[in-house]
Amino acid sequence: MFNYFHYRGVCSLDLGVLVSDAEPWTTKVTPETVTIPGRGDALLGYEYSNSDAVYNIIIRKTGRDTLTDAVERVRRWLLPDVDYSPLRDSYNPGYYRRAYLPGGLAVTRDGLHEAVATVTFSTMPFKYADGGDTAIQARNGLKLYNRETYEAAPLLKITGTGAADIFIGSHALHVKEIGGLVYIDTEDENAFDDAKSRNSDITRVVDWPRLSPGETVVQYDGAGITGVEITPRWRSL
């Protein structure tokens, strides 16, 4: 079986690109210490930052194309950008990372029928499970089970009118006014609808909601609620 990666909706194999080897997906973890004024002690935390996903590839000409044509086609596909897109590969089935290309394609050797190149993506710290992007209609008392080893930061979609209280495990959110539709992105810590920011309509108790490994119960209260959807976005390091 040939190894491959999938980016911007294109599989590398479809362009005659084979992955010869790749560095394992990793996450940069930096310990950080926060000093508490007046107490003389400190809290230890961790900061997660982007890391590189590096693929060494072989570009082969196909059909009547010249190798130059094949390389140029791949180069156009992998133009540098600053927008994150899902990156999948054959080494990590069932998962993807959010990635962008800071440098594009780097060809290291040309031959008669194939070229050797390196592609380096900058990836966000987490890898996401494919099934976590499906929205779930949340009935009151819904039980969600996180099979990953790290807490998930879900996207909520609430429809209806009036105020609402949303409880995700031990975390609580209060919506002052649903106003027809409001999204709450707990990963970006942001609330919005189709037209504007709605952060002023949201209050939270302590932290933004998370779905810890294991079971979490989702509950809500509000006479005007007509629907609650939750996209769990299961993830791990």
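As a basis for the values below, the full set of heavy atoms in this structure was taken, side chains included, without hydrogen atoms, waters or symmetry mates.
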Subject >> Ala191 backbone acceptor or donor facing Asn199 side chain under 3.5 Å >> reply: yes

**OP:** Without swapping roles, check the side chain of Arg97 against the backbone of Pro125 for a donor-acceptor pair under 3.5 Å.
**Re:** yes

Subject >> Backbone of Val54 reached by a side-chain donor or acceptor of Asp52 within 3.5 Å >> reply: no

**OP:** Ignoring hydrogens and angles, tell me if any N or O in the side chain of Thr118 forms a donor-acceptor pair with the backbone of Ala106 under 3.5 Å.
**Re:** no

**OP:** State, to 0.1 Å, how close Phe192 and Asp185 come at their nearest heavy-atom pair, and which atoms those are.
**Re:** CE2-CB, 4.2 Å

**OP:** Check whether more than 12 heavy atoms from other residues, nucleotides or ligands sit under 6.0 Å from atom OH of Tyr84, and answer yes or no.
**Re:** yes

**OP:** Look at the rings of Phe5 and Trp77 and say which category their plane angle falls in: under 30° parallel, 30 to 60° tilted, over 60° perpendicular.
**Re:** parallel

**OP:** Using atom types as modelled and distance alone, determine if a side-chain donor or acceptor of Arg233 lies under 3.5 Å from a backbone N or O of Ala152.
**Re:** no

Original post:
Taking the side chain from Ser85 and the backbone from Arg8, do they hold a donor-acceptor pair closer than 3.5 Å?
Top reply: no

Subject >> Side-chain donor-acceptor contact under 3.5 Å, Ser236 with Thr149 >> reply: no

Original post:
Taking NZ, NE, NH1 and NH2 as the nitrogens, is one of them in Asp69 or Arg64 under 4.0 Å from a carboxylate oxygen of the other?
Top reply: no

**OP:** Determine, step by step, whether Phe126 and Tyr150 satisfy the ring-ring contact (aromatic ring centres under 6.0 Å, His included) criterion, reporting the C-alpha distance in whole Å, the side-chain angles of both residues, the deciding distance to 0.1 Å, and the verdict.
**Re:** CA-CA 9 Å; Phe126 299 100; Tyr150 197 83; 5.1 Å; yes

Subject >> Atom pair OG1 (Thr134) and CH2 (Trp234), whose distance is rounded to the nearest 0.5 Å >> reply: 11.5 Å

Original post:
Would you call Arg210 and Asp207 a salt bridge, taking side-chain N to carboxylate O under 4.0 Å as the test?
Top reply: no

Original post:
Can we say Glu187 and Arg235 salt-bridge, meaning some charged N sits less than 4.0 Å from an Asp/Glu carboxylate O?
Top reply: yes

Original post:
Does Leu101 offer a backbone N or O that forms a donor-acceptor pair with the side chain of Asp81 under 3.5 Å?
Top reply: yes

**OP:** Quick one: closest heavy-atom pair of Ala99 and Thr123, and the distance?
**Re:** CB-CG2, 3.7 Å

**OP:** Would you mind checking if Lys176 and Asp201 are paired as a salt bridge, meaning a charged N to carboxylate O distance below 4.0 Å?
**Re:** no

**OP:** Determine yes or no for a side-chain-to-main-chain donor-acceptor pair under 3.5 angstrom, with Asp165 supplying the side chain and His174 the backbone.
**Re:** no

